Structures are given as C-alpha cells and as structure tokens.
Amino acid sequence: MNQDYIIPNEWSIIEEGFNKTHVTASESIFSIGNGAMGQRANFEEKYSGETFQGSYIGGIYYPDKTRVGWWKNGYPEYFAKVLNAPNWIGIHVNINGIPLDLNTCEVYEFERELNMKEGVLTRSFIAELSNGNQLKVFATRFLSLNFNEVGAIKYSVTPTNFSGEIEFIPYIDAGIVNEDSNYDESFWDILQIEEQKNEAYILSKTYKTEFHVCTGMKVEFALNDFEITLDKETEKTEKSIAFKYKTKVEKGDTFSIYKYGGYTQSMNHSKEELMFSLEKMLQKVAIIGFDDLLQKQKEAWAKIWETADITIEGDIKAQQAIRFNIFQLNQTYLGEDSRLNIGPKGFTGEKYGGSTYWDTEAYCIPFYMSTKDKHVAKNLLLYRYNQLDKAIENAGKLGFNSGAALYPMVTMNGEECHNEWEITFEEIHRNGAMIYAIYNYVNYTGDYSYIPEYGMEVMIAISRFWHQRSTFSKAKEQYVILGVTGPNEYENNVNNNYYTNYLAKWCIEYTLENFHIIKEKYGDDFERIMEKTNLEELELKQWKEVADKMYFPYDDDEEVFLQQDGFLDKELIPVSELPKSERPINQKWSWDRILRSPYIKQADVLQGIYFFENEFDKNTIKRHFDFYEPLTVHESSLSPCVHSILASKIGMNDKAYEMYLRTARLDLDDYNHEVHEGLHITSMAGTWLSIVQGFGGMRNFNDELTFTPQIPKEWKSYSFKIEYRGATLKVYKDHKGCKFTNESDTSLDIIVNDEKVIVKPDQLVEM
Ligand code: BGC
C-alpha cells in the first residue's frame, strides 16, 4: 500500500490530522530549502516521538572513514557526507511549566501546509496538555531566497481555555550528529558561543575538512501583534545556547516569537568575519521584518514559477505532483554557485551523502537548462570542469595514466567517495555522462564556445580513459570493455555492457569531431589545450581505432542489442509473473539471486537509446522497449521517467502514463516505502522530462527544436514553458490541438509534428 494522506491541492502540499506514524515521512515531504541550505520539516517545539532531525548547508561535508568488510586496493578511504548542521529552528515552549510536545499531548485540528507558490511552510494545531490547558499554535517558516544565509520563523501561541504563564525557549544546538555516521563520531568542533541582547551565535568547525560555520539566531516578541520586550535568562552548555523568556498570557491573547536564524560559512566569508557577517545579516532581516521578508519571498518564488511552472488541467493530483517536483528541484539548486551541485536527496536527508552523482548530467541538466538562464546549466558543467584534476588523480589511483580521467560515481569535492567495488571501479559509464552533458548543453543552448574554452579538456581526458579501459579481443577482432556495471546495478562485473560500450565509442567520436573543429576554428584555444593536455596525434589514431572497432553484443533472432554478453542465458521470466510478495527484489532477495536473475533495476540499454534516440528508428526503439521493459523492476527512482519518455515516443500511451505516475508521485505517495529517509530530488528532473520530452515530445537534435505533443486521456490540458536561445516559448496542449506562444522578443523556428513553424515575438500559433 502506498501512503495517501497528502491532501490533493494545486499549489500546496497539505497534511490534515496528526498521525505520529507520518512524522518522519512528512519531515521529508515538507522540507524547505533555498539552494544554499535546506532543512527537514522538523517541529520547532520539543518532540519526543520518532523524528529524523536534519538541517544541511550546501557544500559542507565530512569525509567519514569508509567502513567495508574487506579492503581492496583503490577503495576511497572516505565517504564524504553531507553534514547535519547545527539546529537553529528550535523553540521549546512550556505552558504553566508543562512542555509542549505533540508526542505526549492531545492534538486537534493539526494542519501542515507547504505552499509551493510562495515557498512557505505553515503548521497549525490545537494542543491539550495533561492539565487540560488548551492552546492554539500557528507556525510559519521559510528559508529566504533573497538572503540565502537566513530563514525566519513566526511561532504564535494562543491559550484558548486558560490564562497562565508561557515560556518560550529559543535555542541553537550544535551538539548534533549524523544518523549515518560510520563510527558514531561527532563531526563538529565547537569553537565559540556568544550572546548579546536577544541574539546568540555559535562558531563551529567541521573536523578534518575544517569548514567553519557560524550559526545564529535573533528573536523578537509580539503580544497580539504589538512588539513587546522581555527579559531573558541564558542557559549555555558546551554545544548549545538557549534563552528563556517568560510571560503571563490571558486567555485569547496571542503571544508570538519571531526567530531569525541561519548560517554564514567559510566557503563564502573569511573565517574571522563569520560571526560579524551573520550578526549584520540577522540584524538586516530583522529590520526588514517578518512580513516584508515574507513578501519578498513570495515575489522571488513567483519569478521562478514564471518560467518553471507546468500546468495540468483535469487531474489535481498530477498538478500537485509536478509542482512538487519543480519546487523541490528549485529548493535544492538555483545555479548561482558552480561549487554546488544536486545531491540525489538534496537537503532532505543524509542518504547518498548529499553528494554529486551522474544523475546531474544524465537527468537534471535539461530541467535547469530549459527553465533558467543558460549560465545555470553552465555552472553545473563547470563544477565537473573544475574537478578534472581530481578525476585524473582518481583514474591514476586505479592504474590509468597519461592524463586519463575517471570522474567519481559519488563526490563532494572531486574525489571518489563511494566504496563498493562494483560501483567505484566498475560503474564507469558515468564518465560518458560528463561528455553527454556537454553535448546536450551545446546542442540546446548553441553556446559552442564552451567546448574550446572548457569542454575539450574534459573530453580528451575521458577519451583517454575509454581508450585505456578497452581491450582488443583477438577472438572477436574488436574492442571489448570487460568487468563493468551498467546503469542496471543488478548486474556486476559483466563484459560488454551495451550502454557502456556505446557511450565509449560515442565519446571518442564526439571528441574527435570537436577536436578537428577547434583545430580549424579556435587556434588560440587549440594551442592552449594541446599544451595543457600534452595530446599527441598518435593518441587520436588509437582512439579512433577503438571507436571504429567497438564490439556490441547483439542477438539476431530477437533483433536486439544485448545488455551484456550472455544476457540471453538467463531465464527471462517477465516481472509481471513475479509474486507481489517478492518485490521489491532488493528488499526480498539475496544479492546473489538478484545477480543471477534477468531483472533490471533501471533503464540500461534503454538509457542509451533514450540519449541517442536520433540514431535509432521507431521500430528499433519499440523492439528494445518490448524486450527490456517487461524485465525491468524500476527499483531506482531514475527508472520510470526514461521509460515514460520512450513509451510516449513509440505510442504506448497507457504505459507512458503509468510510468509518469510512478515518477511524479514517487515521494508524495511513497511508492518505495522510504520517503522518511529523504526525497528523490534528482529523479524529480525525470518527472519534468516525462512531460516535456515525453508527452510534449520536445527534442533538440541538429539545431532543431521539435515537438510532437500528445496528451494523456486522463488530463484536459497541460502547458509548460521553456527558455531556448533567448526565446521563451509556452507550449499548451489539449485534446483539440496545441498552441505555441512566444513570450519573448526573439523569433523562434520550431518543428511541430514534422511541420516547420515560425513563432514570432508575442505571437500565438494554434495547431
Ligand atoms: C541508481 C544510480 C543513481 C543513484 C543516486 C542508484 O539507486 O542506481 O543510477 O546514480 O541511485 O540516485
């Protein structure tokens, strides 16, 4: 059973009624972020029930010592983890001496709402304490997009059946830990705790990585919306600081605390100035005031939605879901800082270490590229460019040489930090995604300069890797790639994974093609690149030979490329014949059984066909889809979207819609029973792709932007917008036809269902 307690709503995620078993799931789902930091939707007040506390700062990580049973040469020593950062949101509340704790009191009229249009989280409820005192609570919280080092909380309490004493205890707690710490270590060293009037600051640094972070809070009070001042008592421990404020409140009066808080950190400020900078920032936002700050927040989100929104008419759950996906992607990454990236769980949990995976290049870039200015996608590419030296070092550790690069499967700073051999050493297809992303970017934006300026160096290093990683098989008289794991991680150490071999060949060919263009047209860059990379003409010949003679496993009877050598030796029983009780197989079966089975975790051969769809005809795509999809268990969140897009392409509309639903509401309905660990942020980009590339049929090959819009029968209409080479195009589709509106002053040539169309500035074209 999937969960279904989230109330359908077009613009909001809503939970009604308090259910303790939903707390950790809701903490993930209602997470808030502003691209620079984020936090799970933990309660401000004390909660003694089961909770997963999390607050994260972009770029701040800890290299946790690797834990493996049997050490193998080449293993990375550390797994870099996103750090649970000091908690600044906490406000304990005591009513006539009794702590407010939803785990121990009666809770009525509980409602939580994440307003995605405005980027605001609110919560309201009535609590009845053990002594019969009843109070109404209303809490509003947001992380500012305008001032991305801070957030604000307004927490209001109204006694409804008593007059008495209320105590607010706002605090900062730096004594926090990561749940996934390998050796139960604390990752933070507390350096200094300071207080002034109603402000407190804790300066801390991470062990090993020495990131310095200042966490601060500033509080103000109001009685029935009139500002009041209160005296405080301070309680300090070695790792925390709390202020106690007491006041008498009459029945019906509303007593509010405003808490401004956040972080400054050493990636953005000098260590010496962290506290001072945060003081200045908190004072500034307090002067702006909660209401105006909130107004600015609404305006900033409105600007994001202007280009990013997708509307769906006739299916409120689908509408809610797509906005949720778009909202969370924007909460995770806004693209202004090329040192940051998109962790598969964003700022919503610890799993996957908050690190960067191939997910960014393979899934996320199109979303950011189409809904934001092109510098955002460029920043994502530069992230990898800036880590090229580490990727070369990384390949060196595994025995490759002469400037060959292997980008890590998982990273925070460019070093590999995944420690399962079958992934670290073998899941090398990720290297291909780096070049694919460059190709995708240049194709879409037309910004060719990226290749001579940055991309070529990355491409050369990766081509060197593919050349060295391939082996000439005398028996086959072709090049083979041995001992790999494809995107389908349910097969390890296989030979000639079709997807990997295809990418290797393609990467080399694309590198060579661009090498010649740069040589001819970008003389200065060419010289710089040649000097920097020590590239020799002989290497080009060797690469070409590998690409020309790459081997691909193929079966003549089935007329399909095989996922790897020997795939047909498996017992090919479709997933539909597996009893439900045996699924998901990654929770029910031994790894050994999974490896011997034919079951596919996520798109593998089909991933390649999706990337390079223009090189396959429709029948070939359909044959491969019909062969592989029935064996696919979709146990990676990245799986359904690729299948949805391909199913749309080949006219399997019901399948496309079924797959779409699985990706769109994966977290809201908790399909994989793991939402409490955090959200699947990177696959949310896949949901966006399923609409734009899937139903909308948008493609961009050879400088042509094409559409083949279709609509699921369950919907009345849908629309999306894209930014494309200076133009903003709105695409609308219903059951009668489609409309294209150019909302910019740049004319745009597109192809719709094979027909050339010019959409002039401010023009609406109906078809
Ligand atoms: C998938 C990988 C993906 C990772 C992070 C895994 O389950 O198999 O392809 O990179 O999750 O999203």
Side-chain angles (χ1 to χ4, degrees), residues 28 79-82 180 325 328-329 332-333 341-365 367 380 383-384 406-412 416-434 436-437 484-492 494 497 499-500 503 563 583-587 589 591 594-595 599-608 610-611 628 631-643 662-663 666-667 671-675 677-689:
S28 296
F79 190 98
K81 287 190 169 143
V82 66
D180 69 350
N325 287 265
Q328 291 295 351
L329 283 163
T332 307
Y333 184 77
N341 210 283
I342 308 145
K345 293 240 175 290
F347 298 120
T348 70
E350 295 173 6
K351 209 176 161 200
Y352 295 113
S355 316
T356 308
Y357 285 62
W358 71 304
D359 304 28
T360 295
E361 284 72 23
Y363 293 84
C364 299
I365 281 188
F367 167 78
L380 287 171
Y383 175 91
R384 297 292 191 175
L406 175 59
Y407 275 89
M409 186 67 186
V410 182
T411 196
M412 284 301 293
E416 174 63 82
C417 57
H418 196 289
N419 50 29
E420 287 169 285
W421 63 267
E422 60 274 30
I423 291 181
T424 308
F425 305 150
E426 297 205 328
E427 208 174 329
I428 52 175
H429 69 79
R430 75 237 185 192
N431 233 16
M434 306 303 141
Y436 176 75
V484 304
T485 297
N488 169 20
E489 293 175 341
Y490 290 178
E491 301 275 0
N492 301 148
V494 299
N497 168 259
Y499 173 73
T500 308
L503 261 187
Q563 188 178 266
R583 298 188 53 199
I585 59 171
N586 66 11
Q587 287 170 24
W589 286 8
W591 193 246
I594 290 176
L595 289 178
Y599 301 119
I600 301 171
K601 182 182 181 189
Q602 68 201 85
D604 192 301
V605 172
L606 294 179
Q607 182 78 37
Y610 159 66
F611 275 173
Y628 285 111
L631 298 169
T632 305
V633 283
H634 303 293
E635 287 177 12
S636 157
S637 62
L638 299 176
S639 189
C641 56
V642 173
H643 291 86
R662 270 181 84 154
T663 171
L666 175 76
D667 288 322
Y671 275 79
N672 292 350
H673 306 284
E674 57 183 17
V675 74
E677 293 174 353
L679 304 174
H680 297 86
I681 299 295
T682 47
S683 73
M684 293 182 174
T687 308
W688 181 89
L689 287 169

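Here the structure is a predicted model, which means the values were calculated and not measured. When a ligand or atom number is given, it counts from 1 through the structure's own listing order.
T632 has its side chain within reach of S639: a pair of non-hydrogen atoms, C-beta onward, lies under 4.5 Å apart.
Residue L638 approaches ligand 1 through these ligand atoms, each under 4.0 Å from one of its heavy atoms: 3 (C), 9 (O). Every atom of ligand 1 with a heavy atom of W358 under 4.0 Å away is listed here by number and element: 2 (C), 3 (C), 9 (O), 10 (O).
Contacts between K601 and ligand 1 below 4.0 angstrom, taking non-hydrogen atoms only, involve the side chain exclusively.
Between the side chain of N488 and the main chain of K601, a donor-acceptor pair closer than 3.5 Å is present. Looking at E635, its side chain does come within 3.5 Å of a backbone N or O of I585 through a donor-acceptor pair. In this structure, the side chain of T332 engages the main chain of Q328 through a donor-acceptor pair within 3.5 Å.
When only non-hydrogen protein atoms are considered, atom 11 (O) of ligand 1 lies nearest to Y352 OH, 3.5 Å. Looking only at heavy atoms of the protein, atom 8 (O) of ligand 1 is closest to Q602 OE1, 2.5 Å.
Of all the listed residues (V410, T682, D359), D359 holds the heavy atom that lies closest to atom 12 (O) of ligand 1.
With 3.5 Å as the limit, one finds a donor-acceptor pair spanning the side chains of T356 and Y383.
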